[in-house]
Amino acid sequence: LLLGMLAQTKIGTGKMIDQISIPTKAIMQDADGLTYVFVANENKKAIRTRVTIGNALGNNELLIQNGLLKGQKVIISGQSNLRDGADISL
């Protein structure tokens with residue numbers, strides 16, 4: 001860096017408290033740029049759920065800032081053919 005130049009850095013502390021991470025391939029994006037995933041509910045239906053993504057992890061995973069709860073089952077394969085409320089098999 002030269003005098004007057006700026007740099008942006010992120011320093012990880014190694015501490016993640018109650019963070020949810022999911023595989024990158026589970027994330028979908030609609031025409032408006034909104035990100036979502038499909039979650040399997042107890043009635044074996046695929047439910048489209050809007051999420052806010054956070055930082056990327058080094059192993060092809062993303063942190064989820066908002067939209068998912070611990071224990072929810074995220075669909076990570078075949079979701080490009082799913083529609084909200086579609087029947088699924090687990």
Side-chain angles (χ1 to χ4, degrees):
L1 291 176
L2 298 175
L3 184 61
M5 297 177 86
L6 300 174
Q8 183 178 11
T9 62
K10 291 184 181 181
I11 300 173
T13 63
K15 295 181 182 179
M16 292 192 299
I17 301 171
D18 293 330
Q19 295 282 328
I20 295 174
S21 65
I22 61 172
T24 305
K25 65 182 181 177
I27 301 288
M28 305 290 290
Q29 191 171 33
D30 66 15
D32 295 324
L34 301 175
T35 52
Y36 64 94
V37 296
F38 281 101
V39 174
N41 73 5
E42 64 278 353
N43 297 324
K44 296 185 180 179
K45 302 276 185 187
I47 305 301
R48 180 180 157 151
T49 305
R50 176 130 186 254
V51 294
T52 304
I53 57 174
N55 293 333
L57 300 176
N59 53 356
N60 294 323
E61 290 192 358
L62 292 170
L63 290 176
I64 301 299
Q65 293 179 335
N66 195 0
L68 288 178
L69 299 173
K70 184 177 179 179
Q72 285 185 301
K73 296 177 181 160
V74 176
I75 298 170
I76 60 169
S77 178
Q79 69 271 35
S80 60
N81 298 320
L82 285 178
R83 299 289 176 252
D84 192 31
D87 291 326
I88 57 171
S89 59
L90 300 175

*Assess whether side-chain contact (heavy atoms from CB on, under 4.5 Å) is satisfied between Leu62 and Ile27, documenting all intermediate values.*
CA-CA 9 Å; Leu62 292 170; Ile27 301 288; 3.7 Å; yes
*Which distance, rounded to the nearest 0.5 Å, do you find between the OH of Tyr36 and the OG1 of Thr52?*
15.0 Å
*Kindly compute the distance separating CD1 (Ile47) from NZ (Lys73), expressed to the nearest 0.5 Å.*
13.5 Å
_Within this structure, what is the CD-CG distance for the pair Gln19 and Asn55, rounded to the nearest 0.5 Å?_
8.5 Å
*When you measure from the side chain of Asp32 to the backbone N and O of Leu34, does any donor-acceptor pair fall under 3.5 Å?*
no
*asked:* Once side-chain hydrogen bond (donor to acceptor under 3.5 Å, both in side chains) is applied, do any residues pair with Thr49, and if so which ones, sequence neighbours excluded?
replied: none
*Side-chain heavy-atom pair Ile20, Leu63 within 4.5 angstrom cut-off*: no
*If you take all heavy atoms of Val74 and Ala26, which pair is closest and at what distance?*
CG1-CB, 3.8 Å
*asked:* Applying the side chain to side chain contact (heavy atoms under 4.5 Å, CB included) criterion to Ile53, which one of Ile22, Val37, Ile64 satisfies it?
replied: Ile64
*Would you call Arg48 and Asp30 a salt bridge, taking side-chain N to carboxylate O under 4.0 Å as the test?*
yes
*Does a donor on one side chain and an acceptor on the other come within less than 3.5 Å for Glu61 and Ser21?*
yes
*asked:* Quick check: do Val39 and Ile75 have side-chain heavy atoms less than 4.5 Å from each other?
replied: no
*Does a salt bridge link Lys45 with Asp87, judged by any charged N lying under 4.0 Å from a carboxylate O?*
yes
*Using a 4.5 Å cut-off on heavy atoms from C-beta on, say whether the side chain of Ser89 contacts that of Lys44.*
no
*What are the two closest non-hydrogen atoms of Met28 and Gln79, and how far apart are they?*
SD-CG, 3.4 Å
*From Ser77 atom OG to Phe38 atom CZ, the distance as rounded to the nearest 0.5 Å*: 13.0 Å
_Just so I know, are the side chains of Leu82 and Ile88 near enough to count as touching, which here means a heavy-atom distance under 4.5 Å?_
yes
